[in-house]
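Data first, discussion second: the structure below is written as structure tokens.
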Amino acid sequence: MDTSSASSYTAKLIDGPLEGKTVATAFLETGDPRPRLELNTDKGKHYIYTRGAGLEFSADDDDRPTAVEYRFVETVFD
């Protein structure tokens, strides 16, 4: 798979209420992974996660990661 032209990557949630879950996420228009994710629930709240340091690539010469770690910041109630 040629990840240099991939439009999405896997966000790996490494802690918080969604620890261990993964979410398919689109890259920014610049081609960078998103610095922050807001994940909605059906129970009147959403979770805020920020980008961590962990990046995974499918090959050494890929310019875009296939997976990025995200850390829990807070829960926001609607």
Side-chain angles (χ1 to χ4, degrees):
M1 179 169 114
D2 178 14
T3 59
S4 62
S5 63
S7 61
S8 66
Y9 61 96
T10 300
K12 297 173 85 174
L13 309 177
I14 61 172
D15 60 6
L18 301 176
E19 180 177 359
K21 304 283 187 194
T22 60
V23 179
T25 306
F27 286 100
L28 296 173
E29 288 182 18
T30 62
D32 296 319
R34 296 184 176 280
R36 172 183 163 124
L37 297 177
E38 293 190 31
L39 303 170
N40 295 321
T41 69
D42 59 354
K43 298 177 182 169
K45 62 185 172 185
H46 58 274
Y47 301 116
I48 309 294
Y49 279 79
T50 59
R51 195 172 120 189
L55 300 172
E56 294 179 18
F57 296 86
S58 63
D60 290 338
D61 60 346
D62 285 344
D63 59 346
R64 287 187 175 180
T66 54
V68 177
E69 289 183 349
Y70 284 84
R71 299 194 68 88
F72 177 71
V73 175
E74 68 179 321
T75 301
V76 178
F77 295 91
D78 299 328

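These numbers were taken from a predicted model, which means no experiment stands behind them.
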Give, for atom [atom1] of [X] and atom [atom2] of [Y], the distance between the pair rounded to the nearest 0.5 Å.
X	Y	atom1	atom2	value
Ile48	Glu74	CD1	CD	5.5 Å
Leu13	Arg71	CG	CZ	11.5 Å
Phe27	Asp32	CZ	CG	9.0 Å
Ile14	Tyr70	CD1	OH	11.5 Å
Lys12	Leu55	NZ	CG	11.0 Å

Exercise for review: Group every Ile, Leu, Val, Met, Phe, Trp and Tyr by side-chain heavy-atom contacts under 4.5 Å, then state whether Val68 and Phe57 land in the same group.
Suggested key: yes
Practice item. Indicate yes or no for a side-chain donor-acceptor contact from Tyr49 to the backbone of Leu18 under 3.5 Å, with no hydrogens or angles considered. Key: yes
Practice item. Identify, with sequence neighbours excluded, every residue that meets side-chain contact (heavy atoms from CB on, under 4.5 Å) alongside Lys45. Key: Thr41, Tyr47, Thr75, Phe77
Validation: residues 33-40 side-chain donor-acceptor distances under 3.5 Å, sequence neighbours left out:
{"unit_1": "Arg34", "atom_1": "NE", "unit_2": "Ala26", "atom_2": "O", "d": "3.0"}
{"unit_1": "Arg36", "atom_1": "NH2", "unit_2": "Glu38", "atom_2": "OE2", "d": "3.2"}
{"unit_1": "Glu38", "atom_1": "OE1", "unit_2": "His46", "atom_2": "NE2", "d": "3.4"}

Point to revise | Qualifying residues under side chain to side chain donor-acceptor pair (under 3.5 Å), relative to Glu19, sequence neighbours excluded | key: none
